[in-house]
Number of protein chains: 2
Amino acid sequence: MKKYGQQCPLARALDVIGERWSLLVVRELLLGPRRYTDLLDGLPGIPTNLLASRLKELQAAGIVARRMLPRPTAVAVYELTEIGRALRPALAELRAWGQRYGPEPDEADAIQPAWVLLSGSGRPTGLPAGRTVELRIDTESFQLGTDGSLLTVTGGPAPVPDATITMSAETLYRLMTGETTSAPTLRQATVDGDPDTARLAIDTLHGALTGTAGNDRDKGHHAPVRLT
Amino acid sequence: MKKYGQQCPLARALDVIGERWSLLVVRELLLGPRRYTDLLDGLPGIPTNLLASRLKELQAAGIVARRMLPRPTAVAVYELTEIGRALRPALAELRAWGQRYGPEPDEADAIQPAWVLLSGSGRPTGLPAGRTVELRIDTESFQLGTDGSLLTVTGGPAPVPDATITMSAETLYRLMTGETTSAPTLRQATVDGDPDTARLAIDTLHGALTGTAGNDRDKGHHAPVRLT
DNA sequence: CCGAATCCTGGTAGATACTG
DNA sequence: CAGTATCTACCAGGATTCGG
């Protein structure tokens with residue numbers, strides 16, 4: 001890529017992740033290792049040659065690593081390195097800004113549960129450490145956990161979840177925009193396992209798309225999420 | 001600009017500030033209102049037509065406002081709106097990441113005092129609220145202040161500074177990379193006004209280019225700043 | 001001198017087809 | 001499934017010109 005040629009930390013960061021699609025690739029990988037075609041699905045609109053280019057550039061920058069899954073599933077997956085995971089706070093701030101001040105979303109735009117779920121990542125949660133919840137949205141699975149005080153969100157099914165919650169994408173969006181609270185959400189969802197744990201997870205997600213970066217200041221100025 | 005067409009807060013943010021040079025324009029304006037030619041100077045390498053385009057796009061997005069300076073200096077300046085200033089935390093995170101993990105700076109790259117000074121912005125400072133310091137680097141002036149606990153950095157001379165510090169760019173870089181401490185820096189600088197206030201400001205800047213986002217964890221892994 | 005608009009060239013994005 | 005190859009259109013980069 002063309003470099004800025006400026007000895008400024010910000011410019012040097014943009015030299016590596018400033019190109020089109022780069023940060024969105026990182027966004028996808030924040031949920032965990034992904035195969036090439038998974039990335040294509042998660043990045044609607046990206047030309048396949050660009051995805052290949054970006055993955056190579058991100059590998060060269062040490063942000064992404066390509067790894068072969070162990071037998072018997074001998075497929076290649078891409079995952080974030082420690083350097084790549086270090087971008088999480090920056091992405092969270094950009095996401096928070098986009099939430100509050102970004103352009104109004106177009107109804108024709110694509111939307112995926114993973115994108116809105118990521119806004120729940122990093123929120124303070126009452127979920128006890130070590131407790132995990134599997135969240136199933138339509139056919140996709142996500143894993144909710146905590147580092148002790150903050151919510152973590154990863155993709156893929158949980159090995160041994162304390163609770164499994166199944167709900168539709170619509171129900172999830174309404175919960176996270178604050179349009180509905182936990183109680184009606186629970187009525188429209190199916191819970192398997194410990195109901196209290198499920199309730200804690202759902203409470204953490206409630207209203208995650210309002211306010212800024214997980215803090216609940218200045219509710220009401222957020223751009224509403226439109227359903228497709 | 002070409003939009004991503006994704007109803008994701010991050011993608012919507014990038015729709016507006018994801019283009020080449022956009023965030024660097026915001027970086028320049030974080031120091032205060034700037035004229036068109038000041039921006040050209042602060043963004044070495046940008047073609048003038050691109051700067052004009054970016055400024056128009058940023059105005060359309062409500063991030064930047066164009067204003068006419070009052071008499072007698074009837075010139076146009078560009079400045080950040082509240083929406084634009086809200087990008088500061090995101091830029092700080094990106095800058096911190098670039099500092100720690102970005103590519104090694106090239107010796108041929110341009111460097112400006114303002115870029116490294118911005119890394120001092122947001123650091124915890126012992127400077128009392130209301131106290132301001134004018135920092136003169138070669139021919140440029142900057143204003144250091146605080147919101148009570150965190151350092152603020154703006155461009156231009158301070159109206160009534162409690163202290164004025166003059167030093168060379170080299171001395172500033174050595175101070176901020178942690179290569180020298182406050183004492184030798186003060187010996188190479190000229191201080192006018194209250195020496196204690198000057199010392200507090202210099203202490204805040206010391207080592208700002210090490211560690212992450214103003215926190216001083218994991219010193220020593222930073223990329224060194226090279227002088228031109 | 002400030003604040004651009006214009007022209008030209010080369011590279012990159014976007015779309016699609018194709019291959020190991 | 002995981003990319004590579006090919007083509008077109010547009011955008012970035014550079015220089016020059018033009019109007020306050």
Side-chain angles (χ1 to χ4, degrees), chain A residues 1-6 11 14-25 28-29 33-61 64-79 108-110, chain B residues 1-6 11 14-25 28-29 33-61 64-79 108-110 139 156:
Chain A
M1 180 206 183
K2 194 65 162 52
K3 303 281 198 71
Y4 284 107
Q6 297 185 2
L14 293 174
D15 278 340
V16 183
I17 46 81
E19 268 178 317
R20 197 162 163 76
W21 293 106
S22 290
L23 277 186
L24 295 186
V25 172
E28 289 300 307
L29 294 177
R34 286 285 184 274
R35 294 178 306 178
Y36 189 86
T37 39
D38 294 336
L39 291 173
L40 275 180
D41 290 343
L43 297 164
I46 194 175
T48 172
N49 57 352
L50 269 200
L51 177 57
S53 295
R54 293 297 172 265
L55 285 172
K56 273 186 206 138
E57 293 159 9
L58 291 172
Q59 286 178 74
V64 163
R66 186 191 140 114
R67 185 168 55 97
M68 276 308 197
L69 241 46
R71 314 289 309 281
T73 48
V75 297
V77 292
Y78 296 89
E79 62 189 351
D109 291 351
Chain B
M1 177 203 185
K2 192 72 158 70
K3 303 282 200 67
Y4 284 107
Q6 297 183 3
L14 293 174
D15 278 341
V16 181
I17 47 80
E19 267 180 319
R20 195 163 165 74
W21 295 106
S22 290
L23 278 186
L24 294 187
V25 171
E28 290 300 310
L29 294 178
R34 285 285 183 272
R35 291 179 306 177
Y36 188 86
T37 40
D38 295 335
L39 292 173
L40 275 181
D41 290 342
L43 297 165
I46 194 176
T48 170
N49 55 354
L50 270 198
L51 177 57
S53 295
R54 292 297 171 267
L55 284 172
K56 272 186 206 139
E57 292 158 11
L58 289 172
Q59 286 178 71
V64 164
R66 185 189 145 115
R67 184 166 56 97
M68 275 308 196
L69 239 47
R71 310 286 310 283
T73 49
V75 296
V77 292
Y78 297 88
E79 62 189 351
D109 291 351
T139 68

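Everything numeric here is computed off the predicted structure, so don't read it as measured data. Only heavy atoms go into these numbers, but all of them, side chains included; no hydrogens, no water, no symmetry mates.
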Shortest side-chain distance from [X], nucleotide among [options]:
{"X": "A:A52", "options": "C:dA4, C:dC2, D:dT4", "value": "D:dT4"}
{"X": "A:R20", "options": "C:dA4, C:dG3, C:dG14", "value": "C:dG14"}
{"X": "A:T48", "options": "C:dT16, C:dA5, C:dC2", "value": "C:dT16"}
{"X": "A:P47", "options": "D:dG14, C:dA4, C:dG14", "value": "C:dG14"}
{"X": "A:K2", "options": "C:dG14, C:dG3, D:dG14", "value": "D:dG14"}

Q | Residue list, ring pair (Phe, Tyr, Trp, His ring centres under 6.0 Å) with A:Y78, at least two apart or on another chain | A | none
Take atom [atom1] of [X] and atom [atom2] of [N], then tell me their distance rounded to the nearest Å.
{"X": "A:L50", "N": "C:dG11", "atom1": "CG", "atom2": "C1'", "answer": "13 Å"}
{"X": "B:E19", "N": "D:dC11", "atom1": "CD", "atom2": "P", "answer": "8 Å"}
{"X": "B:E57", "N": "D:dA12", "atom1": "CD", "atom2": "P", "answer": "8 Å"}
{"X": "B:R54", "N": "D:dC11", "atom1": "CZ", "atom2": "C1'", "answer": "9 Å"}
{"X": "A:I46", "N": "D:dG3", "atom1": "CD1", "atom2": "P", "answer": "13 Å"}
{"X": "B:R34", "N": "C:dG3", "atom1": "CZ", "atom2": "C1'", "answer": "17 Å"}

(Q) Quick check: on DNA chain D, is the nucleotide nearest A:L55 upstream (toward 5') of the one nearest B:W21, or the reverse? Name the residue that is more 5'. (A) A:L55
Q | Beyond-backbone contact of B:L58 with B:L29, side-chain heavy atoms, under 4.5 angstrom | A |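 Sidechains of B:L29 and B:L58: no contact.
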Q) Do any N or O atoms from the side chain of B:Y4 and from the backbone of A:R20 form a donor-acceptor pair under 3.5 angstrom? A)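 Here the side-chain-to-backbone pair does not exist.
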Q. Counting N and O atoms only, with roles assigned by atom type, does the side chain of A:S53 sit under 3.5 Å from a partner on the main chain of A:N49, one being a donor and the other an acceptor?
A. yes
**Q.** Heavy-atom pair with the smallest gap, counting every atom of A:A76 and A:R35
**A.**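 Reported closest heavy-atom pair: O-CG, 3.6 Å.
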Q.
Between D:dA2 and A:T37, counting only base atoms on the nucleotide and side-chain atoms on the residue, is there a donor-acceptor pair under 3.5 Å?
A. no
Q) Does B:N49 get its side chain close enough to the base of D:dG14, under 3.5 Å, for a donor-acceptor pair? A) yes
